[in-house]
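Only this structure's heavy atoms are used, side chains among them; waters, hydrogens and symmetry mates stay out. Indexing begins at 1, ligand by ligand and atom by atom, following the structure's order. We count residues from 1, following the sequence as given.
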Amino acid sequence: MRVTYLGHSCFLVETSRARLIIDPFLTGNPSATATAAEIRCDYILVSHGHEDHTGDALALSQRTGAPIIANYEISEYYAAKGAKTHGMNPGGGHQFPFGRVKLTLAHHTSSLEAGLNPIYLGVPCGILIQADGHTLYHAGDTALFLDMQLIGRNNLSLAMLPIGDNYTMGPEDAVLALDFLKPKLAVPMHYNTWPIIAQDPAAFAARASEAGHTVRPLKPGEALEL
Ligand code: NI
Ligand code: MN
C-alpha cells in the first residue's frame, strides 16, 4: 500500500484494489504540489464539511465518477448536487470492494460555506480504513480526546494526525494522542498551510520519539510504502 501526502490533510491511498483520496483540498491549497485535474481516484473520503477538507470533492467526483464517502449530511448535500455518495456516521463501518471504512468521533465543527449563513453538515469524523492487511486512521480535524484509546485498539499501521494548533490539537496534544493510539507510524498533517498553523514537524517528530513513537513528516508530494 502506498500513501502519498498531498498537503494540508489530503492523502492519496493506493491499495491493491483502489485509489482513495482523503480530504481532497488541492485547489486554493498553498501547500499542494498536485492539481485536482491530474488526480485519478476511485473513492473520495471526506472527514467533515470545512472547505479545507471538502475542497475539490464534488469536482473530482463529477469528473471521475468516484463516490464521496462521508457522514450522512455531507453525503446528502453532495447527492443533491448530483454526485454519487455513500453516507455513514461515527461508529458505523462498511465493507467496500477495497476494504472496510469506519467513521470515528472527532471533536471539531463541520460547517460548509463560512460567512453569515454556514450550512452545518453533521458531525466531524475521523476515518479508519482497513485494506491489504493494514489499518489506517485519518483523524480529520480534532482535539485530543480520551476515546482515542478505543481507536488505538485497532492495531494501527499508520495514524495521520493534525498538529497545527489553533483549529485542531497542537504538537503537545498530538504526542498524547500517540500514547492513546499507539500506531506503528504517524504522519503529521494540517500544519504550515497558512501562518496561523505554522509548526515544526521535525520538532514534533523528535518530541514523539522521546515518548517512544515513530513519526515521519512527509513533504507534499512525498509517499511512503506500508
Ligand atoms: Ni476543520
Ligand atoms: Mn481544517
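For the Ni ion (ligand 1), the set of nearby N, O or S atoms under 2.8 Å includes none belonging to His53. Residue contacts to the Mn ion (ligand 2): His8 brings no N, O or S atom closer than 2.8 Å. Within the 2.8 Å limit, His190 places at least one N, O or S atom next to the Mn ion (ligand 2). Coordination check, Asp52 versus the Ni ion (ligand 1): failed, since every N/O/S atom of the residue sits at 2.8 Å or beyond.
Of all the N, O or S atoms in His48, the one closest to the Ni ion (ligand 1) is NE2. When distances from the Mn ion (ligand 2) to the N, O or S atoms of Asp52 are compared, OD2 comes out shortest. Summary: ND1 is the N/O/S atom of His50 found nearest to the Ni ion (ligand 1). Residue Asp141 approaches the Mn ion (ligand 2) most closely through its N/O/S atom OD2.
Taking the six-membered ring where the residue is Trp, His86 and Phe96 present perpendicular rings, their angle passing 60° and hence far from 30°. Relative ring orientation between Tyr167 and His190 is described as perpendicular, the plane-to-plane angle rising above 60° on a 0-90° scale split at 30° and 60°.
A single hydrophobic cluster is not seen to contain both Leu226 and Leu12; linkage of ILVMFWY side chains at heavy-atom distances under 4.5 Å, directly or through other members, places them apart.
With the Ni ion (ligand 1) as the vertex, OD2 (Asp141) and NE2 (His108) define an angle of 90°, rounded to 10°.
The closest side-chain donor-acceptor pair between Thr109 and His48, if any, does not fall under 3.5 angstrom. Counting only N and O atoms by type, the side chains of Asp23 and His8 include no donor and acceptor under 3.5 Å apart.
To the nearest 0.5 Å, atom CG of residue Leu156 and atom CG of residue Leu181 are 6.0 Å apart.
Among the candidates Ile39, Ile21, Asp56, the single residue satisfying the side chain to side chain contact (heavy atoms under 4.5 Å, CB included) test with Cys10 is Ile21.
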